[in-house]
Amino acid sequence: CVIAVFFWALLLTREPVSRSRIRFALMHVFMQLVLPYALIQTVLFSVDHITDRTQNPWGFWVYHSNLAGVIYPYGKPYAALLEDIFPVPTAQWEGKAFIGLLSVIVFIGVTVTFLKRMLNREFRAALKITDHTLLNVFFWSGVAGMIYSFGFPFNILPASLTDHLGPVKLMRTLGRFNWIFYYVMNLVAFYLVSQWEKTKRPGIRAMILSAACAMVWYDAWSHVKGYQDTLCNRIEELDDTANELPGNAWLKDLDVKRY
């Protein structure tokens, strides 16, 4: 939804606006946003027989993210190096979506370039994060999702506003919207790295790509390496290949030659 809004907004502003272009954009917005939402709500209301479902779920003002939830490597082995230098920032569990070491490095570079261009009053150039229009749309829609996950603009408005937000207040975990930025930033990071490495010599190019892939692989491995013991529910009777447990001991009395 966020990406679609940014895409059509950009499409309408890049060229002179006409009735045909507005009609074309509205038709696609209807097909991409309005119609799916209407169909999903219709199906949900038609099969939902619960009459006392709350319209004010708890968490709207609590489950927010922040910048630390996006760029700080919570739980990563190399986080210990940062802990010796900086105090560990806090972030809600629902708001943690570490974008990865490679993407953090690229994001810092992108931010510095953006600020430099803005200070030089190169506003159009500042918005062009890459030379690919669609990726730029993805990036800024991801940034919008990330800012929304911070609770903005609701965290600067009175809490009583919740009573007037309608279906918006049902999105009780705003922090999850930073996952838009997670996916988009990784796409942009690899694209920018691939564009940068093309300007280098073959040997350097291989080193850059290898380092980029290694960082992504290490982040993925360090994220899941502790999950096996949690997700693998072992059954002692099945692990007892020697049939030593009381429940399996009777198998030793079977004469397998008879079968």
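Note that the numbering runs from 1 along the sequence shown for the chain. Computed from a predicted model, the values in this text were never measured in an experiment.
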Exercise. For F123, does the CZ atom have more than 12 heavy-atom neighbours from other residues, nucleotides or ligands under 6.0 Å away?
Worked result: yes

Exercise. Tell me, do V143 and F181 make a side-chain contact under 4.5 Å, heavy atoms counted?
Worked result: yes

Exercise. Do M185 and V70 touch side chain to side chain, with heavy atoms closer than 4.5 Å?
Worked result: no

Between side-chain atoms of residues 107-116 and protein atoms elsewhere (two or more places apart, or another chain), which donor-acceptor pairs fall under 3.5 Å?
residue	atom	partner	partner atom	Å
T111	OG1	F107	O	2.7
T113	OG1	G109	O	2.9

Exercise. If you round to the nearest 0.5 Å, how far is CD of E94 from OG of S65?
Worked result: 10.5 Å

Exercise. Between Y148 and F154, is a ring-ring contact (aromatic ring centres under 6.0 Å, His included) present by the stated rule, with each step listed?
Worked result: CA-CA 9 Å; Y148 185 72; F154 307 112; 5.8 Å; yes

Exercise. Does the side chain of S222 come within less than 4.5 Å of Y78's, by heavy atoms?
Worked result: no

Exercise. Is there side-chain contact between D131 and Y191, with heavy atoms separated by less than 4.5 Å?
Worked result: yes

For this session: Hey, could you give me the NZ/CG distance between K198 and L209, rounded to the nearest 0.5 Å?
Result: 10.0 Å

For this session: State whether the number of non-hydrogen atoms from other residues, nucleotides or ligands found under 6.0 Å of K128 atom NZ is greater than 12.
Result: no

For this session: Could you tell me whether the side chain of V106 reaches within less than 4.5 Å of the side chain of F190, counting heavy atoms only?
Result: no

Exercise. Is the backbone N or O of A68 less than 3.5 Å from a side-chain atom of N66, with the two atoms forming a donor-acceptor pair by type?
Worked result: yes

Exercise. If you measure from NZ on K200 to CE on M207, what distance do you get to the nearest 0.5 Å?
Worked result: 12.0 Å

Problem set entry | Nearest-0.5 Å distance, OG1 of residue T130 to CG of residue L192 | 6.5 Å

Seminar exercise, completed: Residues joined to I40 in its hydrophobic cluster, side chain to side chain under 4.5 Å directly or through other members, sorted by chain and number, are L44

Problem set entry | I99 backbone acceptor or donor facing D219 side chain under 3.5 Å | no

Exercise. Near E237 CD, under 6.0 Å, is it more than 12 heavy atoms from other residues, nucleotides or ligands?
Worked result: yes

Exercise. Is a donor on one side and an acceptor on the other found under 3.5 Å between the side chain of N178 and the backbone of S149?
Worked result: no

Problem set entry | Residues, nucleotides or ligands: over 12 heavy atoms within 6.0 Å of W61 CH2 | yes

For this session: Look only at the side chain of W179 and the backbone of A97, and say whether a donor-acceptor pair between them is shorter than 3.5 Å.
Result: no

For this session: With rounding to the nearest 0.5 Å, note down the distance linking CD in Q41 to OG in S46.
Result: 10.5 Å

Exercise. Got more than 12 heavy atoms from elsewhere within 6.0 Å of OH, Y74?
Worked result: yes

